[in-house]
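Below is one structure, written out as structure tokens; comments come after it.
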Amino acid sequence: MDLLWQTAVNAMYAASYMSLIAVGLVMIFGVMGVINFAHGELYMLGAYCVVFLYAQENFPFLLAAAAGLVFVGLVGLFMERAMFRPLRDNPLSGLIASIGFLLILQTLVVLGFGRRMGHVPPPTQEKLEVFGAVLTHQRLLVIVAAILLLAALWAFLKRTRFGWALRACAQDAEAAALQGISMTQTARIAMFIGAGLAGIAGALTAPLVSPTPYIGHSVIVTAFIIIIVGGIGSLEGAVIAAVLYAFVHTFVTTFFDGVIANIVGLALMLAVLVVRPTGLFGAKERA
Amino acid sequence: MLLELRDIEVRYQKVAALKGVSMAVPAGGIVTIIGANGAGKTTTLRAISGLERLTRGEIRFDDARIDGLAPEEIVRRGIAHVPEGRRVFPDLTVEENLRTGAFLRRDKAEIRASLADVFDRFPRLAQRRRQWARSMSGGEQQMLAIGRALMSAPRVLLLDEPSMGLSPVMVQEIARIVTDISGRGIPVVLVEQNAEMALLLAQYAYVLETGSVALEGPANDLHEDDHVRRAYLGG
């Protein structure tokens, strides 16, 4: 019983940062129609912001994490301008360009920090007990930050004119243009938010994962599984699928092992695709 | 003239969809463009809105060239376009759809007034303001698309096939709405396959055939024209 509850608490932590990553990926795809293969490396960059600013330069952790959000968001803006905008009419080229870009990011980080693990001492070693389960403050911070950021994103999308514009553009870019909504402006907003969320996910989890320049790889595979299960294009679906996947993966890892958990995760995706090809919350093909 | 098309040409790859079309829309009333499928009606409206690039000719609005401008800039100048197939945002609520129509406007009080006005004109939209647009009937979606266009406080309204796929009762309703909009001082460019309805509503008409203006004149005259009767009015 204790182990079950402890595992559930661990799953909540995994769900929270995976949600941030998956939501960003869905947002970028929704608005620009491009699969950002470099999304895992944006997560990695966020982690290295903390390696640099917090572990090496001794800035406060939260400041370093916030810097991760902003810096990676700006990298997102650069990607939009340099790759996705010129390739807008050809989503496949955008995908290929993002693969090239992820290699560049990896290489730059190797050049700057070496290929070995960056050690990030946790800002706090304290932990609390939640009905018998142990939850470190660092993990609690990730969970709370993810909830706050997703709530802020939700409010932005539902309550502001740029939020409506972004959703409208994701649903029908041409009809949105006829309302005066600029594709370029919307793409920049989506790219900044999407990249920034991946960045802060990496930044907040850096003390827990010991970053390497290659951590983006497993992250992008997981994120793809999540957005396919959730239904490509659905933000709510991405969050729910992240929670679902995190629970399944964490439980299987705990009670069997990590390799089996990966297999189960992929099997889950396969099962969803067989039963509902558009994912759990995906819309039918739009005309 | 409020809106003028001068000898415009639009090509899709090698094929010319519009081969030198000229039209003029005055500052009031309804101008209709009728013609068969593929004659270039929709392309004409898309060219005005900046969704298609011209390969020749020019489009002037308020005596300034607008061809080559981005669609959002053309909306800003006051041209609202209700596209073919309505194209409401399916996963936005009715009210959110309407508010996207006012995207370029800043004055909150004025936007609220426009929203109240649209709800006034379309009570059904008011009843459904929190519903997803996807859950509405074709006629309601058409009203929503028109309402959304009105939310931009347009100086001219382009309507592409508003009667498409609607029941006869709803077609009557749309006809009433179009007349009402024009009666309130917003000139309308009406593209229709339903030539009978279009010619009854409009004051002036253009007949497009394979990308060229085959015929133009006061709508009444065209309604009595032999060629138009045979080709578009079923005898």
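Reminder, nothing fancy here: chain letters follow the sequence lines and each chain counts from 1.
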So which heavy atom on [X] is nearest to which on [Y], and how close?
X	Y	answer
B:T100	A:A168	CG2-CB, 4.1 Å
A:R167	B:D91	NH2-O, 3.4 Å
B:R87	A:A175	O-CB, 3.6 Å

For atom [atom1] of [X], is the number of surrounding heavy atoms from other residues, nucleotides or ligands below 6.0 Å larger than 12?
X	atom1	value
A:F78	CZ	no
B:R56	CZ	yes
A:R88	CZ	yes

How long is the gap from CZ on B:F103 to CD on A:Q185, to the nearest 0.5 Å? 5.5 Å

Within this structure, what is the CG-CG distance for the pair B:L45 and A:L178, rounded to the nearest 0.5 Å? 10.0 Å

Side chain / backbone / both / neither for [X] at chain A, heavy atoms under 4.5 Å:
X	value
B:L51	side chain
B:R148	both
B:R46	side chain

Using modelled atom types and a 3.5 Å cut-off, is there a donor and acceptor pairing between side-chain atoms of B:E96 and backbone atoms of A:W164?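 No; zero donor-acceptor contacts below 3.5 Å.
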
Could you tell me if the side chain of B:R106 sits less than 4.5 Å from the side chain of A:R161, heavy atoms only?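 When only atoms from C-beta onward are counted, B:R106 and A:R161 do touch, with a gap below 4.5 Å.
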
